[in-house]
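What follows is a set of notes on a single structure, which appears directly below.
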Amino acid sequence: MSRTRIRDLPGAAEQEVVLKGWLYNRRSSKKMHFLQLRDGSGIVQCIVTRDDVGEDDFAQIGQIPYESAIELKGTAHADDRAPGGVEVHTSAVAVISAAEDYPIAKQDHGPDFLLRHRHLWLRSRKQVALMHIRDEVIRAIRDSMHELGFTCIDAPIFTPNSCEGTSTLFEVDYFDDEKAFLTQSGQLYMEAAAMALGDVYCLGPTFRAEKSKTRRHLTEFWMFEPEMAFADLDDVMDLAEQMLTRIVSRVLEHRQDDLEVLERDIEKLRNVTAPFPRISYSEAVDRMNAQGHSFEWGGDLGAPDESIISSWFDSPVMVHGYPEEVKAFYMKRDPDDPRIACGVDVLAPEGYGEIIGGGQREDDLDVLLARIQQHQLSEEDFRWYLDLRRYGSAPHGGFGLGVERTVCWIAGIEHVRECIPFPRMLYRIYP
RNA sequence: UCCCCGGUAGCUCAAUUGGCAGAGUAGGUGGCUGUUAACCACUUGGUUGUUGGUUCGAAUCCAACCUGGGGAGCCA
């Protein structure tokens, strides 16, 4: 008899089924056990009565430790008293592997304990729901990119130098005397790919050796980076807006159950509809000053400033046109105002902060050369990158979207560390 | 790197002014005719992060170190 997944039980009413899973919880009285069985596809209540299985088996089933792997035979029945509306009347239970005392209880735990038990924490209900949502976000990205005609181009993980020359990188030994670094962005390679295939993207891990200790930072995180040839800043903002609305509506459509497990306020997600507000850096600075938050034009927006700006709106907000001094060397300057860079940051609502950063890239060889010298970067290191401006340079742009930050916002989670299966953070690399 | 907060039972926490180290939960035993974080009774469980200092007396005060959390900077 073939095994039934718990998620398929509503379609198997009054049928005999075999379930395989782990004992999640149990409540017992003298003649009945209520077993909560989970198998990754769902959780179901299984009824065991002393009359059905006999005295000995009944006592034995009452002793099975939590999280033991078991095989259970029974009949599915619709029942309003059961959580989920379906329960299984059990005829036999076989223990596949008895568990030792399970460390994670049905009570609150601190973050340190949970992170040290991440391999087991992943089994809990909310974490399963969160991984479903992460999976849905990534699939929404890939499917949308495919529908929009973009080609997936994987960027290398080992790189010979910094992409921006600013962030701290993880250094590793390459062969012989060479040094290599773990990538902090695939963008420069996507620019090369865009000149080959037009519309491209990458989606993969990226590494920052910054000693950041906040709920928004991971040492290793996943980034989605689309890049488009023959595109300007407006095209980049249009794509960012379209991708975020597609991702959110897809999660709302397919993962409502998981959002409910996480007790997410779904109405807030329904506010995420195009068009998103677009506000220039200068407008944002003026408005902050008008509200009494004094801010001098020319500085970069800090996290508290971003919170103020995003609090003005219910949906993500796009802040564009930053002072060029605070942005990377490759960002194109506004042709109408050389003090301004054609960059955009997207700030998520509800205080989740920056989830996207991007913009139009500098496509003029001489300007780029001057910028590399000004930032004291090695021209030799960027020779291949400069080649892109020598052979048919075209206006182009794109952005980077932080996958975990996006999942964190959509799922309404406190900290990005829960939004990746095995988080790597400052001083935390176990398990 | 800097600023703030914490570390007490397996886990989550309490302990008044410096005066006998305690609950809940998990584990164990027993009870209970449909439980919903089941419930009820009993019960095992301690080098109070480490080292040193002050004191008649330190979980409590002081110093250093270890370790965790939040934030700044940096960014997605």
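These numbers come from the heavy atoms of this one structure, side chains and all, not from hydrogens, waters or symmetry mates. Proteins get letters first, then strands, A, B, ... in listed order; numbering begins at 1 in each.
- In this pair, F382(A) and Y385(A) present their aromatic rings perpendicular. The plane angle is above 60°, beyond the 30 to 60° band.
- For D112(A), the side-chain hydrogen bond (donor to acceptor under 3.5 Å, both in side chains) criterion is met by R116(A), R428(A), not counting sequence neighbours.
- The pair E418(A)-K126(A) fails the salt-bridge criterion, with no side-chain N (NZ, NE, NH1 or NH2) lying under 4.0 Å from an Asp/Glu carboxylate O.
- Between R361(A) and E227(A), at least one side-chain N (NZ, or NE/NH1/NH2) sits under 4.0 Å from a carboxylate O, which counts as a salt bridge.
- Closest-nucleotide positions on RNA chain B for G110(A) and H217(A) were compared, and the one nearer the 5' end corresponds to G110(A).
- Taking the six-membered ring for Trp and thresholds of 30 and 60 degrees, Y281(A) and F295(A) have ring planes more than 60 degrees apart, a perpendicular arrangement.
- Between the CZ atom of F113(A) and the C1' atom of rU8(B) there is a distance of 17 Å, rounded to whole Å.
- Residues from residues 339-358 of chain A that place a heavy atom under 4.0 Å from any atom of RNA chain B, listed by number: E354(A), I355(A), I356(A), G357(A).
- With rounding to whole Å, H109(A) atom NE2 is found 19 Å from rG7(B) atom P.
- E350(A) and R264(A) are joined by a salt bridge, as a carboxylate oxygen and a charged side-chain nitrogen come within less than 4.0 angstrom of each other.
- Contact annotation for E225(A): no contact, since no heavy-atom pair falls under 4.0 Å across all strands.
- In this structure, W409(A) atom CH2 and rA76(B) atom C1' are separated by 14 Å, rounded to whole Å.
- The pair D143(A)-R250(A) meets the salt-bridge criterion, with a side-chain N (NZ, NE, NH1 or NH2) lying under 4.0 Å from an Asp/Glu carboxylate O.
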- Query: Reading nucleotides 65-71 of chain B 5' to 3', which nucleotides get B (base under 4.0 Å from a protein heavy atom), which S (sugar-phosphate only), which -?
  - Reply: ---SBSB
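- For residues 83-99 of chain A, no residue pair satisfies the salt bridge (Lys or Arg N to Asp or Glu O under 4.0 Å) rule, not counting sequence neighbours.
- Going from atom CD of Q184(A) over to atom C1' of rC75(B) covers 9 Å, rounded to whole Å.
- Remark: S282(A) pairs with W297(A) by the side-chain hydrogen bond (donor to acceptor under 3.5 Å, both in side chains) rule, at least two apart or across chains.
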Which atoms of nucleotides 25-27 of chain B (N or O only) lie under 3.5 Å from a protein N or O atom, and what are those distances?
from, atom 1, to, atom 2, distance (Å)
rU25(B), O2', Q107(A), NE2, 2.7

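- A distance of about 33 Å separates the P atoms of rC5(B) and rG46(B), rounded to the whole Å.
- Where RNA chain B pairs in unbroken runs of 3 or more (Watson-Crick or G-U, both distances under 3.5 Å), the stems are B:1-7 with B:66-72, B:10-13 with B:22-25, B:27-31 with B:39-43, B:49-53 with B:61-65.
- Interatomic distance, L426(A) CG to T219(A) OG1, rounded to the nearest 0.5 Å: 6.0 Å.
- Among residues at least two apart or in separate chains, salt bridge (Lys or Arg N to Asp or Glu O under 4.0 Å) pairs with a member in residues 298-327 of chain A are E324(A)-R333(A), K327(A)-D345(A).
- Rounded to whole Å, the separation between the P atoms of rC61(B) and rU16(B) comes to 10 Å.
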Sequence neighbours left out, cut at 3.5 Å: what donor-acceptor pairs do the side chains of residues 72-86 of chain A make with other protein atoms?
from, atom 1, to, atom 2, distance (Å)
H77(A), ND1, E14(A), OE1, 3.0
H77(A), ND1, E14(A), OE2, 3.4
D79(A), OD1, R81(A), N, 2.7
D79(A), OD1, R81(A), NE, 3.2
D79(A), OD2, R81(A), NH2, 3.1

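- Nearest to the side-chain atoms of Q63(A) among the listed nucleotides rU29(B), rU35(B), rC11(B) stands rU29(B).
- Among the heavy atoms of the strands, none lies under 4.0 Å from P103(A).
- Atom CD of E210(A) and atom P of rA76(B) are 11 Å apart (whole Å).
- Nucleic acid contact class of F221(A) (heavy atoms, under 4.0 Å, all strands): base.
- For K179(A), the salt bridge (charged side-chain N to carboxylate O under 4.0 Å, His left out) criterion is met by E171(A), D173(A), not counting sequence neighbours.
- Using a cutoff of 4.0 Å between basic side-chain nitrogens and carboxylate oxygens, K332(A) and D363(A) are scored as salt-bridged.
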- Item | Audit row: E354(A), R405(A), salt bridge (Lys or Arg N to Asp or Glu O under 4.0 Å) steps and yes/no | CA-CA 8 Å; E354(A) 183 180 348; R405(A) 283 188 182 178; 5.1 Å; no
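- Only the C1' atoms considered, rA15(B) is 10 Å distant from rU8(B), to the nearest whole Å.
- Spacing between atom NE2 of H89(A) and atom C1' of rG34(B) amounts to 10 Å, rounded to whole angstrom units.
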Could you give the side-chain donor-acceptor pairs of residues 95-104 of chain A under 3.5 Å, partners two or more places apart or in another chain?
from, atom 1, to, atom 2, distance (Å)
Y102(A), OH, L120(A), O, 3.2

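- Ion pairing of D265(A) with R270(A) is absent here, as no side-chain N (NZ or NE/NH1/NH2) approaches a carboxylate O to less than 4.0 Å.
- Separating the OH atom of Y330(A) from the C1' atom of rC75(B) is a distance of 11 Å, rounded to the nearest angstrom.
- Comparing the same atom, P, in rC4(B) and in rA21(B) gives a spacing of 34 Å after rounding to whole Å.
- Within residues 11-35 of chain A, the residues approached by RNA chain B to less than 4.0 Å at the level of any non-hydrogen atom are N25(A), R27(A), S28(A), S29(A), K30(A), K31(A), M32(A), F34(A), in residue-number order.
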